[in-house]
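Below, chains carry the letters A, B, ... as their sequence lines are ordered, and counting in each starts from 1.
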Amino acid sequence: GEDVEQSLFLSVREGDSSVINCTYTDSSSTYLYWYKQEPGAGLQLLTYIFSNMDMKQDQRLTVLLNKKDKHLSLRIADTQTGDSAIYFCAETRGNEKLTFGTGTRLTIIP
Amino acid sequence: NAGVTQTPKFRVLKTGQSMTLLCAQDMNHEYMYWYRQDPGMGLRLIHYSVGEGTTAKGEVPDGYNVSRLKKQNFLLGLESAAPSQTSVYFCASSRLQGGGYTFGSGTRLTVV
């Protein structure tokens, strides 16, 4: 079955770039998502990328997709304290439910 | 536009008690989902629905039941609560099954 892997923790100094990585096993994945969960809240959709794209940029966020290695990353430029959260990647083949990773807790060091 | 609303936000149950968690969405979404979130385990799908009147099991359905009598509501029931069901429960909905999900703010349930 499908599997989505993420590191559990990442610490980054304020102002630096954060790179959160995700690997998946389903080569048929067509949509890949990044969600953000702030403390005590639900998940919010941050951004997504179609499998026919290599990169997507949205202000401080850059998503990179390497289909050959089944590797997805989220880069947050100029990381701020408000970026502290758990980040989940998720994948789907488009007509099926999303499969979520375990989430990466991003901690910002002042 | 409220999106996905979950009630209650917090609840403490004694072992063996029953309760129902309510999820309501106002986006006319066909698909609805119930997840539980436990530390280090990410999100695990309990049950889901692909439309009014339908329900299906997810990866951890035991001890839970669901109903979708109206398109906008998805209820999660615990008939006899156990301490292992202590968790944060999230409801989500989507227009397409593989589309972006909209999540509620969660229900924190403690079973003592």
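A cation-pi geometry, defined here as NZ or CZ lying under 6.0 Å from the six-membered ring centre and within 45° of its normal, holds between A:Lys97 and B:Tyr48.
By the criterion of side-chain heavy atoms lying less than 4.5 angstrom apart, applied directly or through intervening Ile, Leu, Val, Met, Phe, Trp or Tyr residues, A:Ile49 is grouped together with A:Leu98 in one hydrophobic cluster. Clustering ILVMFWY residues whenever any of their side-chain heavy atoms sit less than 4.5 angstrom apart, transitively, puts B:Met27 in a cluster other than the one holding B:Trp34. No single ILVMFWY cluster, assembled from side-chain heavy atoms under 4.5 Å apart, contains both B:Tyr89 and A:Phe100. A single hydrophobic cluster is seen to contain both A:Leu10 and A:Ile86, as judged by linkage of ILVMFWY side chains at heavy-atom distances under 4.5 Å, directly or through other members. Residue B:Leu76 is not grouped with residue B:Leu22 when hydrophobic side chains (ILVMFWY) are merged at heavy-atom distances under 4.5 angstrom, including chains of intermediate members.
Formation of a donor-acceptor pair under 3.5 Å by the A:Tyr35 side chain with backbone atoms of B:Tyr101 is found in this model.
For a residue to count as touching a neighbouring chain, one of its non-hydrogen atoms must lie under 4.5 Å from one of that chain's; by this rule B:Gln37 touches chain A with the side chain only. With a 4.5 angstrom heavy-atom cutoff, A:Phe88 touches chain B only via side-chain atoms.
Under the side chain to side chain contact (heavy atoms under 4.5 Å, CB included) rule, B:Leu43 has a single partner from A:Thr99, A:Thr102, A:Leu43, which is A:Leu43.
Partners of A:Phe9 under the ring-ring contact (aromatic ring centres under 6.0 Å, His included) rule, at least two apart in sequence or in another chain, do not exist in this structure.
Atom CZ of A:Arg60 has more than 12 neighbouring heavy atoms from other residues, nucleotides or ligands inside a 6.0 Å radius. Counting non-hydrogen atoms of neighbouring residues, nucleotides and ligands closer than 6.0 angstrom, the CD atom of A:Gln57 exceeds 12 such neighbours.
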For this session: Begin with the C-alpha distance, continue with both residues' side-chain angles, and end with the deciding distance and a verdict on side-chain contact (heavy atoms from CB on, under 4.5 Å) for B:Phe90 and A:Gln37.
Result: CA-CA 12 Å; B:Phe90 287 100; A:Gln37 183 183 29; 3.2 Å; yes
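Against chain A, the residues from residues 102-112 of chain B that qualify, each with a non-hydrogen atom under 4.5 angstrom away, are B:Phe103, B:Gly104, B:Ser105 in number order.
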